[in-house]
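The structure displayed is predicted, hence computed values, not measured ones.
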Amino acid sequence: MEKPGKAHGKVFVRVVGVRGLKVPIPQQATALTCTLNNGIHFVTTPETRLSKDPRIDQEFELQHNKLEFTLTLKVRRDAHIAAQSQALVPPPAPRVQPPTSAPKPRGGMLSFFSSSPKKQPRATPPPPPVPPYKLPDNLARYLKQDGTLARALISFKDVAARCDTRLFETSYPLIGQRIEASGGPTTMELGEIVLQMFRLPPLPGVLSNQLPQSLEDCHRGLRHVAWHKVTYFEGTLTQNGGDCMTWRRRRLRVIGANLVAFNDVTKKATATINLKKAIAVEDNQDTRTNALSPARSVDDYSGMFAVERSFRLIFPGNQEIFFFADTDDEKAKWLDVFRALVGHIPPNPLWAELIWQRQQETAKQPQMSSPKPLRSPR
C-alpha cells in the first residue's frame with residue numbers, strides 16, 4: 001500500500017509538431033527526431049518524416065514546475081544528407097603556373113659584338129580571377145555536424161499561470177543557423193514548434209495511481225467532472241422506495257449522475273439517488289403487458305405495477321424505486337433521460353473533483369477592489 005508523502009505536481013507537455021519550416025526539404029525520405037532536455041530528463045521521440053509541417057505528437061511528463069527545457073530537432077545523417085554536406089565543400093583552387101623566364105644570353109665579348117639586340121619577352125598574363133563559389137541551398141547547409149537542425153528554449157514560469165489545471169496551446173520559435181559562403185554561420189528563425197501544456201498542482205491525499213498519467217487523462221477527467229455538475233432535467237414525480245416508505249410527491253433534478261430531491265419551501269436538497277448504481281430502468285406499462293416474471297407474484301403486478309404512468313429504477317440486490325408522473329408526456333421525458341443515463345455515466349475521478357472544488361472556492365473569493373474616494377460632507 002502506498003504511503004502518503006509529500007505531494008508533487010506534474011507538468012504534461014505534448015509536442016504537437018513543427019509549423020512553417022523554412023529549409024529545403026530533400027526529395028528522399030528524411031528522418032527527424034525531437035529531443036527534450038531539462039537537465040534531468042533527456043528523451044528523444046520516435047522518428048518522423050521531415051516536411052514543411054511535420055507532425056510529432058509526442059508527450060512528456062515532468063515532475064518539476066520551476067524549470068526550463070529545450071526541444072532540439074535533429075536530422076538523421078543518411079547517405080543523401082552526407083552527399084549534400086560534401087557538396088558544400090568548395091572545389092580546390094586551380095594551380096597557378098609560374099611565369100616562364102627567357103633563356104639567358106651567352107657571356108663574353110664575342111656575344112656582345114655578334115648578337116643583335118633582343119626584344120624583352122612578353123610577360124605571361126595573370127590567370128583570370130576565380131569566381132566565388134556559390135553554396136548550394138540544400139538541407140545540409142542548415143545542419144550542424146551532429147545533425148542538429150534547430151532548437152527552442154521553453155521557460156515554464158512564463159506560461160505556468162496559463163496552463164494551471166487547463167490545456168494551453170502555444171508555439172515557440174525554432175532557432176537554427178545557415179552556413180554562408182564566407183564559411184561562418186548565420187543565426188535565423190527556421191519555423192516554430194507547437195506545444196500543448198497542462199499543469200496538475202500537488203493534491204495531498206490522492207495516491208499516485210489515482211492521478212492522471214497523460215495529458216489526455218487530464219483533459220478527459222476535467223471534462224467528466226464538468227459533466228457531473230450539469231443539471232440535465234428537472235420536474236415533479238411521485239416516489240415510492242429509497243427513503244420514501246409511501247408514495248411521496250417530490251421536486252426532482254437530474255444533476256450529473258445524481259437524482260436530487262429538493263424541499264419545496266427551503267429549496268435545499270433533501271435526498272440523493274446515485275444513478276450510477278442503477279442497472280436498469282423499466283416502464284411498468286411494458287411490464288404489465290409482458291408475461292409475468294417468475295420472480296414476481298400476481299400481487300406485485302396488481303400493486304405497484306398497476307399505478308398509471310409509473311416506471312422504476314432497478315438496483316443490485318433486487319432493490320427498486322418506483323415513480324409515477326403526472327402526465328404521459330412527462331413520463332416519456334423522464335424515461336428518455338433515465339435511459340440515456342443508466343449504464344452510460346462517465347467516471348468522476350477524485351483528483352478532478354478536488355480541482356473543481358478549488359476553482360469554485362477561488363471564484364467565490366471577493367475580488368480586491370480599489371477603495372472609493374471619500375466624499376466631503378455637505
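Looking only at distances, no side-chain donor or acceptor of Thr187 sits under 3.5 Å from a matching main-chain atom of Pro185. Using modelled atom types, one side-chain atom of His228 and one backbone atom of Pro346 make a donor-acceptor pair closer than 3.5 Å. Remark: side-chain polar atoms of Glu234 are not paired, donor with acceptor, to backbone N or O of Tyr232 under 3.5 angstrom. Between the side chain of Thr45 and the backbone N or O of Cys34, at least one donor-acceptor pair lies under 3.5 Å. When atom types are taken as modelled, the side chain of Lys331 and the backbone of Glu308 share no donor-acceptor pair closer than 3.5 angstrom. Remark: side-chain polar atoms of Asn38 are paired, donor with acceptor, to backbone N or O of Ile40 under 3.5 angstrom. Between the side chain of Glu59 and the backbone N or O of Leu215, at least one donor-acceptor pair lies under 3.5 Å. Side-chain N or O atoms of Gln196 include none that pairs as donor or acceptor with a backbone N or O of Arg14 at under 3.5 Å.
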Evaluate the criterion side chain to side chain donor-acceptor pair (under 3.5 Å) for residue pair Arg77 and Ser85; output intermediate values, then yes/no. CA-CA 10 Å; Arg77 297 186 68 87; Ser85 298; 2.8 Å; yes

Before you tell me yes or no, could you show the steps for Leu335 and Asp283 under side chain to side chain contact (heavy atoms under 4.5 Å, CB included), namely the whole-Å CA-CA distance, both residues' side-chain angles and the distance that decides it to 0.1 Å? CA-CA 8 Å; Leu335 282 174; Asp283 185 349; 3.9 Å; yes

Trp356/Asn348 under side chain to side chain contact (heavy atoms under 4.5 Å, CB included): CA gap, chis, key distance, verdict: CA-CA 11 Å; Trp356 184 86; Asn348 188 18; over 6 Å; no

Under the salt bridge (Lys or Arg N to Asp or Glu O under 4.0 Å) criterion, do Glu68 and Lys157 qualify, and how do the steps go? CA-CA 8 Å; Glu68 290 184 345; Lys157 65 180 181 180; 5.5 Å; no

Determine whether Arg76 and Asp78 satisfy the following criterion, salt bridge (Lys or Arg N to Asp or Glu O under 4.0 Å), listing intermediate values before the conclusion. CA-CA 6 Å; Arg76 193 176 66 198; Asp78 291 334; 2.9 Å; yes

Side chain to side chain contact (heavy atoms under 4.5 Å, CB included) evaluation trace for Glu353 with Val206: CA-CA 11 Å; Glu353 180 66 29; Val206 182; over 6 Å; no

Please lay out, stage by stage, how Ile321 and Phe315 fare under the test side chain to side chain contact (heavy atoms under 4.5 Å, CB included). CA-CA 8 Å; Ile321 300 178; Phe315 297 84; 3.8 Å; yes

Does the pair Arg19 and Asp53 meet the rule for a salt bridge (Lys or Arg N to Asp or Glu O under 4.0 Å), with working shown? CA-CA 5 Å; Arg19 190 162 54 198; Asp53 302 290; over 6 Å; no

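We find the CG-CZ distance between Asp217 and Phe12 to be 7.5 Å, quoted to the nearest 0.5 Å. Atom-to-atom distance recorded for Glu282:CD and Ser310:OG is 11.5 Å, nearest 0.5 angstrom. Note: Tyr172 OH to Ile193 CD1 = 11.0 Å, rounded to the nearest 0.5 Å. Atom-to-atom distance recorded for Ile25:CD1 and Asn138:CG is 12.0 Å, nearest 0.5 angstrom. Taken to the nearest 0.5 Å, the CG atom of Leu167 stands 9.0 Å off from the CD atom of Glu216. Between the CE atom in Met197 and the SG atom in Cys163 there is a gap of 5.5 Å [rounded to 0.5 Å].
Follow the hydrophobic side-chain contacts under 4.5 Å out from Trp227 and you never reach Ile355; the two are in separate clusters. Linking ILVMFWY residues whenever their side-chain heavy atoms come closer than 4.5 Å, directly or via other members, leaves Leu190 and Val194 in distinct clusters. No continuous path of ILVMFWY side-chain contacts below 4.5 Å connects Ile179 to Ile175, so the two sit in separate hydrophobic clusters. Residues Ile273 and Phe322 fall into different hydrophobic clusters, defined by Ile, Leu, Val, Met, Phe, Trp and Tyr side chains chained together at heavy-atom separations under 4.5 Å. Taken together through direct or relayed side-chain contacts under 4.5 Å among Ile, Leu, Val, Met, Phe, Trp and Tyr, Leu341 and Ile255 form parts of separate hydrophobic clusters.
Among all heavy-atom pairs drawn from Trp247 and Val307, the shortest one is CZ2-CG2, 3.8 Å. Nearest heavy-atom pair across Tyr142 and Pro24 is CE1-CD, 3.3 Å. Closest non-hydrogen pair, Arg250 versus Ala271, comes out as NH2-CB, 3.8 Å. What you find for Arg358 and Pro202 is that their closest heavy atoms are NH2-O, 3.0 Å. When all heavy atoms of Gln84 and Leu139 are compared, the closest pair comes out as OE1-N, 3.1 Å. Contact between Gln210 and Trp351 at its shortest, heavy atoms only, is O-CD1, 3.2 Å.
Other residues, nucleotides and ligands place no more than 12 heavy atoms under 6.0 Å from the NZ atom of Lys333. The number of heavy atoms from other shown groups lying within 6.0 Å of NZ (Lys52) is above 12. Residue Gln145 places its CD atom among 12 or fewer non-hydrogen atoms of other residues, nucleotides or ligands, all under 6.0 Å distant.
Taking the six-membered ring for Trp and the full ring otherwise, the centers of Phe324 and Trp334 sit at least 6.0 Å from each other.
When side chains are defined from C-beta on, Pro136 does not count as touching Arg141, because their heavy atoms never get closer than 4.5 Å. When side chains are defined from C-beta on, Leu21 does not count as touching Ser51, because their heavy atoms never get closer than 4.5 Å. A 4.5 Å side-chain heavy-atom check between Asp243 and Thr270 finds every atom pair outside the cut-off. Contact annotation: the side chain of Pro349 never approaches that of Val225 to less than 4.5 Å [non-hydrogen atoms, C-beta and beyond]. When side chains are defined from C-beta on, His80 counts as touching Thr30, because their heavy atoms get closer than 4.5 Å. Taking the side chain as every heavy atom from C-beta outward, Arg309 and Asp326 never approach each other to under 4.5 Å. Side-chain contact between Val13 and Ile154 is absent, with no heavy-atom pair separated by less than 4.5 Å. Considering only heavy atoms from C-beta on, Lys144 comes within 4.5 Å of Gln177 through its side chain.
The closest side-chain donor-acceptor pair between Asp329 and Thr327, if any, does not fall under 3.5 angstrom. Thr170 and Arg162 are not linked by any side-chain donor-acceptor pair at a separation below 3.5 angstrom, with hydrogens and angles left out of the test.
Ring orientation note: the planes of Phe338 and Phe311 are tilted relative to one another, at an angle of 30° to 60°.
In summary, of the residues considered (Leu252, Val281, Thr238), a side chain to side chain contact (heavy atoms under 4.5 Å, CB included) with Phe323 occurs for Leu252 alone. Test Thr33, Thr72, Thr35, Asn37 against Thr44 for side-chain hydrogen bond (donor to acceptor under 3.5 Å, both in side chains) and you get one pass: Thr35.
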Pairs under 3.5 angstrom only: tabulate donor-acceptor contacts from the side chains of residues 257-265 to other protein residues two or more places apart or in another chain.
residue : atom : partner : partner atom : Å
Asn263  : OD1  : Val265  : N            : 2.7
Asn263  : OD1  : Thr266  : N            : 2.9

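Arg55 is linked by a side chain to side chain donor-acceptor pair (under 3.5 Å) to nothing, counting only residues two or more places apart in sequence or in another chain.
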